[in-house]
Amino acid sequence: MRVLAFDTATRATTVAVLDPGGGAAIERRDDPDPGQRPRHTSRLMPLIAEVMRDSESGWPDIDLLAVGTGPGTFTGLRIGVATARALARARGIPLVGVSTLESLAAGAVPAARGGDRDVVLAVLDARRREVFAAAWPAGPGPAAWPAGPGPGDPLLAAAAMSPMALAEAAAQLGHRQLAIGDGAIEFRSVLERLGTLIPADDSGLHRVSAAVHGRLAAGRPLSGEGAVSPEYLRRPDAELTLRAPS
């Protein structure tokens with residue numbers, strides 16, 4: 001099975017083609033510099049074309065599409081999910097949605113197990129002094145994760161929350177935790193006071209990977225393009241601004 005996967009939930013645009021049964025994934029990404037706006041609109045389709053070319057894949061070779069469903073930025077999620085639905089419909093390819101937080105956590109499981117951590121806490125910067133966060137067990141757990149159906153129910157369900165609320169939720173988990181994601185970097189001081197381990201800011205563990213999306217999607221039921229929808233978790237920033245007291 002050959003999978004085309006991509007994610008636009010964060011500032012980065014990441015795209016991969018892989019065969020979960022073996023062989024290395026071909027992954028390309030666009031990571032804007034700090035302060036720069038995301039370039040999903042201009043970079044997603046060129047990156048898809050690039051990984052298709054570099055993996056020597058034509059559309060008849062793609063057996064499954066996987067797209068990150070967030071949580072993340074409102075505009076980014078709309079671009080990614082709309083593109084995935086359009087490609088699935090136009091090319092007749094099955095589509096699976098993958099939680100961006102779960103994929104981020106899945107990619108960090110080997111590091112967590114190697115560092116004697118039994119919980120992976122995925123944290124994305126939601127702006128407005130909030131984070132999107134969820135937690136899963138790192139082990140013992142299904143040996144197939146992150147290359148299969150996933151770990152089951154999260155220890156902490158995905159939610160938007162303040163850094164202090166995150167710290168309180170993390171403290172209640174009561175386990176040795178590895179926290180990853182740009183939100184963990186942004187609020188490092190809050191989490192490290194709890195004894196949470198956070199990799200160096202430049203660690204690849206903090207980056208969402210489309211290749212992990214593809215491995216997770218390969219073991220899951222097909223959603224159908226109409227069934228995949230963004231996981232926003234809160235109202236768009238523009239609506240929150242309008243509702244804010246003047």
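For the single chain, residues carry numbers from 1 onward in sequence order.
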Would you say D31's side chain and A12's backbone share a donor-acceptor pair under 3.5 angstrom?
no
Closest contact, heavy atoms only, G68 versus D7:
CA-OD2, 3.1 Å
Do W59 and L4 come within less than 4.5 Å of each other through their side chains, counting heavy atoms only?
yes
Could you state the interatomic distance from CG (D118) to CZ (R113), rounded to the nearest 0.5 Å?
11.0 Å
So, the side chain of E27 versus the backbone of S209: is there a donor-acceptor pair under 3.5 Å, distance only?
no
Can you name the closest pair of heavy atoms from A135 and V119 and give their distance?
CB-CG1, 4.0 Å
Does the side chain of H213 come within less than 4.5 Å of V208's, by heavy atoms?
yes
Which atom of S55 lies closest to which atom of V17, heavy atoms considered
OG-CG1, 3.5 Å
Is there a donor-acceptor contact under 3.5 Å from the side chain of R11 to the main chain of P38?
no
Looking only at heavy atoms, the pair that brings A66 and L95 closest together is N-CD1, 4.4 Å
State, with a plain yes or no, whether a side-chain heavy atom of T14 is found less than 4.5 Å away from one of F6.
no
Does any non-hydrogen side-chain atom of R234 lie less than 4.5 Å from one of F74?
no
Treating E231 as the side-chain partner and S99 as the backbone partner, does any N or O pair qualify as donor plus acceptor under 3.5 Å?
no
When you measure from the side chain of R129 to the backbone of P163, do you find a donor-acceptor pair of N or O atoms at a distance under 3.5 Å?
no
Give the minimum heavy-atom separation between L104 and A122, together with the two atoms involved.
CD2-CB, 4.0 Å
Find the distance between CG (L155) and CD (Q172) and round it off to the nearest 0.5 Å.
12.5 Å
Applying the 4.5 Å side-chain criterion to the ILVMFWY set and letting contacts propagate, would L166 and L194 be lumped into a single cluster?
no
Going from OG on S57 to CG on L18, what distance comes out if it is rounded to the nearest 0.5 angstrom?
10.0 Å
Measuring only between side-chain heavy atoms, which start at C-beta, is I62 closer than 4.5 Å to L87?
no
Got more than 12 heavy atoms from elsewhere within 6.0 Å of CD, E56?
no
Is any side-chain heavy atom of D30 closer than 4.5 Å to one of P32?
yes
Taking only distance into account, with no hydrogens and no angle test, what donor-acceptor pairs under 3.5 Å do side-chain atoms of residues 183-192 form with protein atoms, sequence neighbours excluded?
{"residue": "R188", "atom": "NH1", "partner": "E192", "partner atom": "OE2", "Å": "2.9"}
{"residue": "R188", "atom": "NH1", "partner": "I198", "partner atom": "O", "Å": "3.2"}
{"residue": "R188", "atom": "NH2", "partner": "P199", "partner atom": "O", "Å": "2.6"}
{"residue": "R188", "atom": "NH2", "partner": "D201", "partner atom": "OD1", "Å": "2.7"}

When you check the gap from the basic side-chain N to the acidic O, do D63 and R2 get nearer than 4.0 Å?
no
Mind checking what makes side-chain contact (heavy atoms from CB on, under 4.5 Å) contact with E168, not counting sequence neighbours?
none
Distance, nearest 0.5 Å, that separates CG of L197 from CZ of R117
4.5 Å
Judged by atom type as modelled, is there a donor-acceptor pair below 3.5 Å linking the side chain of D54 to the main-chain atoms of V51?
no
Once you round to the nearest 0.5 Å, how far does CD1 of I93 lie from CG of D61?
9.5 Å
Of all heavy-atom pairs between A108 and L178, which one has the smallest distance, and what is that distance?
O-CD2, 3.8 Å
How about L101 and P71: do any of their side-chain heavy atoms sit closer than 4.5 Å?
yes
Answer yes or no: is there a donor N or O on one side and an acceptor on the other, between the side chain of R176 and the main chain of D116, under 3.5 Å?
yes
Working to the nearest 0.5 Å, report the span between CD of E130 and CG of L233.
10.0 Å
Using side-chain heavy atoms (C-beta onward) and a distance below 4.5 Å, is D182 in contact with L124?
yes
Counting N and O atoms only, with roles assigned by atom type, does the side chain of S162 sit under 3.5 Å from a partner on the main chain of A165, one being a donor and the other an acceptor?
yes
So, applying side-chain hydrogen bond (donor to acceptor under 3.5 Å, both in side chains) with H40, which one of T13, T73, T8 is it?
T13
